[in-house]
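Below is one structure; the comments refer to it alone.
We name chains A, B, ... by the order of the sequence lines, and we start the count at 1 in each one. FYI, side chains are in, hydrogens and waters are out, and symmetry mates aren't considered; it's all heavy atoms of this structure.
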Amino acid sequence: MSSRKGNLHVYNTLSGKKEIFEPINEGLVGLYVCGPTVYSNVHLGNCRSFISFDVVARYLRFIDYKVRYVRNITDVGHLVDDADQGEDKISKKARLEQLEPMEIVQEYTIDFHKVLEQFNNIPPNIEPTATGHIIEQIELVQRIIENGFAYETNGSVYFDVEKYNETHPYGELSGRKIEDLISNTRELDGQSEKHAPLDFALWKNASDEHLMKWPSPWGLGFPGWHVECSAMSTKYLGEQFDIHGGGMDLKFPHHECEIAQGTSASGLSPVKYWLHGNMLTLDGKKMSKSTGNSILPEELFSGDNTFMEKAFDPMVVRFFMMQAHYRSTLDFTSEALVAAEKGYNKLMEALSLLEKLEVSSESSLDVNELINSFYTAMDDDFNAPILVAHLFDAVKFINSINDKKATISKEDLFSLKAAMFGFVNIVLGIKNVESGSDNKLSPVMDLVLDLRQEARANKDWGTSDKIRNGLAAAGIVVKDSKEGSSWK
RNA sequence: GGUCUCUUGGCCGAGUGGCUAGGCAGUGGUCUGCAAAACCAUCUACGGCGGUUCGAAUCCGCCAGAGACCUCCA
């Protein structure tokens, strides 16, 4: 499997094209993904991003890389819009609810973990918090000042963008030119402290009413908007690491600033491959909490929402997301979810059928070629939708074998089982939702189906159909085949 | 206003110069006591106009529409 490593190509936002993936240290991958700000429940759009990068981490490991996956928890609020007078988002909510800021942080961190677990995401190896790395952030700011790329004003420290731009291209990630940025700058609070409107805060002086603040060489304050990711990625992955992921909406200014901070601190561009996931849309518009155009995972799983006509299992939602490429927007509609649910069930059916197939001396299809297509799909910038398409090729093949219209050899069945399990469960992270087949129900069902079978043998269709319809009403589907009846 | 991206069949969604994407839905058939499932076959495409090319959904230009970023946001 390790021979697969050289084939992976990833789309690097920095270069604007697909590049062959070659880690800085052979066999090892440093992966950093921007985590959530824990001042409210994560919505589905946030989840998509974390699920996308979960698949990235999973596939890298699947092809035998040792991955250190770091994803931060932003528990220091970032500045909000002008109306909030630069007030910290987390402390604002804390005062509104008469709670300690860390109480809020705790509540939503737990929620975040719970939701991602429902989506079957694998936790990152390190999940550092911003408040736990204030010292590292201060040290980073100091280094940037020492290198001449930042200055202090009234207890706040700002990054000197124009100075940086003299030697490094500010805007290289998001494809912006500094002249355009300057001409488009809006008047924002605190601008009078800056030498130039484009400069951004590395450290902010805290007002008296500010709840979250720490001592620093520049007085009491709190870290600026972008330093935490730079400080923590450097600490755990080094001054230069392989992959940095995040949503498209973080490209500018957040990731642009991270590049500027990292480069001005160490002299090295911090990230080799920048990967950006696209937005989840609802009614064709970006899912966003602030516009009310969002849905919480819980609401989706319970069906308690105004957008969807029914409830959907987390695994169905995850499968739905896998049918779209991570760099494309994905529109969330009830109709599309229903379709995905059916496709998901079909895939799961085939997977369990794999355990019962009869083998032949030869295979009527090139199984190695089929399995190879799974790898090829994922090697092409984690193209999960293509992988899913090939998985359905396999589904068709499996069903045909079951119908005695195709054959598979013992060796090929072994390989196919391993590959299907590997790509569906391990790579895509999709597991089978157990449907009522618990210990107590099972013998009861055996008895019921046995009775029905007797009725059918007597051509007592009335009784037979009554049983089937009754079970259907209870959500249990009975399927008859030549070998007997089964249920789920 | 600036920068960028997108527009694929009933729905979702891949593909980026010639070769079936796939899922769901539809239609016809096989199987079945009838269903369901499955299998086989089949239908509905590349926003509009022009250009490059032997050939374009795919490259170029213009037009229309949508979206993202420019401000915390995955």
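With sequence neighbours excluded, no residue forms a side chain to side chain donor-acceptor pair (under 3.5 Å) with A:K213. Judged as a side chain to side chain donor-acceptor pair (under 3.5 Å), and not counting sequence neighbours, the contacts of A:T463 are A:D460. Applying the ring-ring contact (aromatic ring centres under 6.0 Å, His included) rule to A:H168 yields the partners A:Y164; only residues at least two apart in sequence or on another chain are considered. The ring-ring contact (aromatic ring centres under 6.0 Å, His included) check on A:F112 picks up A:F50, with sequence neighbours excluded. Applying the side chain to side chain donor-acceptor pair (under 3.5 Å) criterion to A:H43, with sequence neighbours excluded, gives no partner residue. Residues satisfying the salt bridge (charged side-chain N to carboxylate O under 4.0 Å, His left out) criterion with A:K417, sequence neighbours excluded, are A:E355. Scored by the side chain to side chain donor-acceptor pair (under 3.5 Å) test, A:S352 finds no partners at all (sequence neighbours excluded). Under the rule for a salt bridge (charged side-chain N to carboxylate O under 4.0 Å, His left out), the partners of A:K18 that lie at least two apart in sequence or sit in another chain are A:D380.
Counting non-hydrogen atoms under 4.0 angstrom, A:G35 reaches the backbone sugars and phosphates but no base. Contacts of A:L330 with the nucleic acid, taken as non-hydrogen atoms under 4.0 Å apart, involve only primed sugar atoms and P, OP1 or OP2. If you check every strand for non-hydrogen atoms under 4.0 Å, A:N402 touches nothing. A:G277 comes within 4.0 angstrom of no nucleic acid atom, judged by non-hydrogen atoms across all strands. Within 4.0 Å (heavy atoms only), A:V478 reaches at least one base atom of the nucleic acid.
Atom CD1 of A:I73 and atom P of B:C73 are 15 Å apart (whole Å). Spacing between atom NE2 of A:H226 and atom P of B:A74 amounts to 13 Å, rounded to whole angstrom units. Summarising the geometry, the separation between CE on A:M321 and P on B:A14 is reported as 14 Å, rounded to the nearest angstrom. If you take CZ of A:R327 and C1' of B:A74, they are 16 Å apart, rounded to a whole angstrom. B:A36 atom P lies 16 Å from atom CG of A:D403, rounded to whole Å. The interatomic distance linking A:K289 (NZ) with B:U71 (P) rounds to 22 Å, in whole Å. To the nearest angstrom, C1' of B:C31 lies 15 Å from NZ of A:K479. A:F252 places its CZ atom 18 Å from the C1' atom of B:A74, with the value rounded to the nearest Å.
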Under 3.5 Å, which N/O atoms of the protein pair with N/O atoms of nucleotides 19-24 of chain B?
residue	atom	partner	partner atom	Å
B:C24	OP2	A:K346	NZ	3.4

Expected rows: protein N/O vs nucleotides 26-28 of chain B N/O, under 3.5 Å:
none

Please list, for nucleotides 1-5 of chain B, all pairs of protein and nucleotide N/O atoms separated by less than 3.5 Å.
residue	atom	partner	partner atom	Å
B:G1	N2	A:N184	OD1	2.9
B:G2	O2'	A:N184	ND2	3.3

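Not less than 6.0 angstrom separates the ring centroid of A:F320 from the ring centroid of A:F312. A distance of 6.0 Å or more separates the ring centres of A:H254 and A:W225.
A gap of 39 Å separates the C1' atoms of B:C40 and B:G48, to the nearest Å. Rounded to the nearest Å, the gap between the P atom of B:C60 and that of B:U44 is 29 Å. With both ends at atom P, the span from B:A37 to B:G26 equals 10 Å, rounded to whole Å. B:A35 sits 24 Å from B:U42 when the C1' atoms are compared, rounded to a whole Å. With both ends at atom P, the span from B:A64 to B:C49 equals 15 Å, rounded to whole Å. Using C1' as the reference atom, B:A66 and B:U71 are 22 Å apart when rounded to the nearest Å. Between B:G61 and B:U52, the two C1' atoms lie 11 Å apart (nearest whole Å). Rounded to the nearest Å, the gap between the C1' atom of B:A57 and that of B:A45 is 9 Å.
Comparing B:A38, B:A14, B:A74 by their closest approach to the side chain of A:S328 singles out B:A14. Proximity note for A:C34 (side chain, C-beta onward) versus B:A74, B:C34, B:A38: the nearest is B:A74.
A 4.5 Å side-chain heavy-atom check between A:H390 and A:I386 finds at least one atom pair inside the cut-off.
Annotation: cation-pi geometry not satisfied between A:R71 and A:F53 (NZ/CZ under 6.0 angstrom from ring centroid, within 45° of ring axis).
Toward the 5′ end of RNA chain B lies the nearest nucleotide of A:K18, the other residue of the pair A:H255 and A:K18 mapping further downstream. Sequence order on RNA chain B of the closest nucleotides to A:G462 and A:E349 puts A:G462 first from the 5' end.
Aromatic ring orientation, A:F159 versus A:F200: parallel (interplanar angle below 30°, classes split at 30° and 60°). Between A:F423 and A:Y59, the two ring planes are tilted [angle within 30° to 60°].
Within the structure, a side-chain polar atom (N or O) of A:N399 is placed less than 4.0 Å from OP1 or OP2 of B:C39. A close approach under 4.0 Å does occur between a side-chain nitrogen or oxygen of A:K285 and OP1 or OP2 of B:G67.
Between the side chain of A:S464 and the base of B:G33, at least one donor-acceptor pair of N or O atoms lies under 3.5 Å. Not a single donor-acceptor contact under 3.5 angstrom links the side-chain atoms of A:R468 to the base of B:A36.
A:S49 contributes no side-chain N or O that, together with a main-chain N or O of A:N46, makes up a donor-acceptor pair within less than 3.5 Å.
Secondary-structure stems of RNA chain B, taken as three or more successive Watson-Crick or G-U wobble pairs (i with j, i+1 with j-1) under a 3.5 Å distance threshold, comprise B:1-7 with B:64-70, B:10-12 with B:22-24, B:26-30 with B:38-42, B:47-51 with B:59-63.
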- Query: Going through the distances and angles, do A:I408 and A:V367 end up as a side-chain contact (heavy atoms from CB on, under 4.5 Å)?
  - Reply: CA-CA 8 Å; A:I408 191 164; A:V367 172; 4.2 Å; yes

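Here A:S373 contributes atom OG and A:D379 contributes atom CG; the two are 11.5 Å apart, rounded to the nearest 0.5 Å.
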